[in-house]
Amino acid sequence: QVQLIESGGGLVQAGGSLRLSCAASGSTFSRYTMGWFRQASGKEREFVAAISKSGVSTTYGDSVKDRFTISRDNAKNTIDLQMDSLKPEDTAVYYCAAGTSLLGWKAIHSYEYDYWGQGTQVTVSS
């Protein structure tokens, strides 16, 4: 089992940047594919990004591609999400997730992840 804690959320103006972090504990971190999801008020949870166990491979949701970058540090048991060129529509609660799906870094659905953090709010003002 793994526990996940997100940090780094906040209020930023459109066009600005934020960096989210997720710290993992309780299990061998490098066993897990890691992902970021987000959920805006009144909407379904949306895939943002995923990264392979080694950190070599990544994939992104279409709405964040070329603006967001996911990374991980297996020595520190952390993953980060660098968010640039933020838009008001990026406003949401952002969740870190860990999974052992056979799809690995290609897992883009929430049901393919086993463990979740409590979320961190990101608000982008226009």
Side-chain angles (χ1 to χ4, degrees):
Q1 196 168 8
V2 61
Q3 292 78 45
L4 304 170
I5 300 177
E6 302 96 337
S7 61
L11 174 64
V12 64
Q13 288 189 330
S17 298
L18 275 178
R19 189 176 184 90
L20 305 183
S21 294
C22 173
S25 62
S27 186
T28 305
F29 180 67
S30 59
R31 293 183 57 221
Y32 297 94
T33 294
M34 299 298 297
W36 285 99
F37 288 77
R38 67 186 184 186
Q39 189 165 16
S41 180
K43 295 188 177 181
E44 293 187 353
R45 193 163 293 190
E46 176 189 15
F47 171 74
V48 174
I51 189 166
S52 62
K53 298 174 187 178
S54 66
V56 170
S57 299
T58 59
T59 188
Y60 297 90
D62 288 341
S63 61
V64 306
K65 203 171 293 183
D66 300 325
R67 298 188 298 122
F68 291 10
T69 304
I70 188 171
S71 59
R72 70 187 292 163
D73 186 334
N74 284 347
K76 296 181 178 179
N77 289 2
T78 60
I79 67 166
D80 289 341
L81 184 69
Q82 177 66 39
M83 304 186 295
D84 298 320
S85 303
L86 283 161
K87 304 175 182 180
E89 51 263 44
D90 294 318
T91 295
V93 177
Y94 283 71
Y95 297 91
C96 171
T100 56
S101 167
L102 294 178
L103 289 173
W105 58 273
K106 296 180 181 180
I108 63 171
H109 301 100
S110 58
Y111 59 78
E112 292 163 334
Y113 290 82
D114 306 302
Y115 303 103
W116 295 82
Q118 82 288 350
T120 185
Q121 176 71 46
V122 171
T123 302
V124 184
S125 63
S126 57

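For the residue pair Ala24 and Val2, the shortest heavy atom distance occurs at CB-CG2, 3.8 Å. Across Leu20 and Trp36, no two heavy atoms sit closer than the pair CB-CH2, 3.7 Å. Closest approach of Ala92 to Ala40, counting heavy atoms only: CB-N, 3.7 Å. In terms of heavy atoms, Gln3 sits closest to Gly26 at OE1-CA, 3.5 Å. Nearest heavy-atom pair, Thr33 versus Ile51, reported as atom, atom and distance to 0.1 Å: CG2-O, 3.4 Å. Ala107 and Ala50 make their closest contact through O-CB, 4.0 Å (heavy atoms, listed as atom of the first residue, atom of the second, distance).
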Pair Met34-Phe29, side chain to side chain contact (heavy atoms under 4.5 Å, CB included): steps then yes or no: CA-CA 9 Å; Met34 299 298 297; Phe29 180 67; 3.8 Å; yes
Stepwise side chain to side chain contact (heavy atoms under 4.5 Å, CB included) test for Asn74 and Ser30: CA-CA 6 Å; Asn74 284 347; Ser30 59; 3.8 Å; yes
Candidate pair Phe47 and Glu112, rule side chain to side chain contact (heavy atoms under 4.5 Å, CB included), full reasoning: CA-CA 11 Å; Phe47 171 74; Glu112 292 163 334; over 6 Å; no
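Using a 4.0 Å cut-off between a side-chain N of Lys or Arg and a carboxylate O of Asp or Glu, Lys87 and Asp90 do not qualify as a salt bridge.
Side-chain heavy atoms closer than 4.5 Å link hydrophobic residues (I, L, V, M, F, W, Y) into clusters, and following such links, even through other members, never connects Val93 to Leu86. Under a hydrophobic clustering in which Ile, Leu, Val, Met, Phe, Trp and Tyr are joined whenever their side-chain heavy atoms come within less than 4.5 Å, directly or via other members, Trp116 and Ile108 fall into the same cluster. Under the 4.5 Å side-chain heavy-atom criterion for grouping Ile, Leu, Val, Met, Phe, Trp and Tyr, Tyr32 is not connected to Tyr113 through any hydrophobic cluster. In terms of hydrophobic clustering, with Ile, Leu, Val, Met, Phe, Trp and Tyr side chains grouped at heavy-atom distances under 4.5 Å, Ile70 and Phe37 are assigned to different clusters.
Taking OG from Ser52 and NZ from Lys106, the interatomic distance works out to 11.0 Å, rounded to the nearest 0.5 Å. Separating the OG atom in Ser21 from the CZ atom in Arg72 is a distance of 13.5 Å, to the nearest 0.5 Å. Taken from CZ in Arg38 to CZ in Arg45, the straight-line distance is 13.0 Å, to the nearest 0.5 Å. Expressed to the nearest 0.5 Å, how far OG1 of Thr120 lies from CD1 of Ile5 amounts to 11.5 Å. Taken to the nearest 0.5 Å, the CG atom of Leu18 stands 9.5 Å off from the CG atom of Asp84.
Side chains of Glu46 and Ser63: a donor on one and an acceptor on the other come within 3.5 Å.
Of the possible polar contacts, none joining the Gln13 side chain to the Ser125 backbone as a donor-acceptor pair under 3.5 Å is found. A distance-only check finds a donor-acceptor pair linking the side chain of Arg67 to the backbone of Ser85 [under 3.5 Å]. Remark: the backbone N or O of Thr91 is not paired with any side-chain donor or acceptor of Thr123 at under 3.5 angstrom. When atom types are taken as modelled, the side chain of Glu6 and the backbone of Gln118 share a donor-acceptor pair closer than 3.5 angstrom. Here the side chain of Asp80 pairs no donor or acceptor atom with the backbone of Thr69 at under 3.5 angstrom.
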Donor-acceptor list for residues 95-105 side chains, cut-off 3.5 Å, not counting sequence neighbours:
unit_1	atom_1	unit_2	atom_2	d
Thr100	OG1	Asp114	OD2	3.2
Ser101	OG	Leu103	N	3.0

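Residue Lys43 qualifies as open at atom NZ: its count of foreign heavy atoms under 6.0 Å is 12 or below.
Classification of the Tyr94-Phe68 ring pair by plane angle, with boundaries at 30° and 60°, yields tilted.
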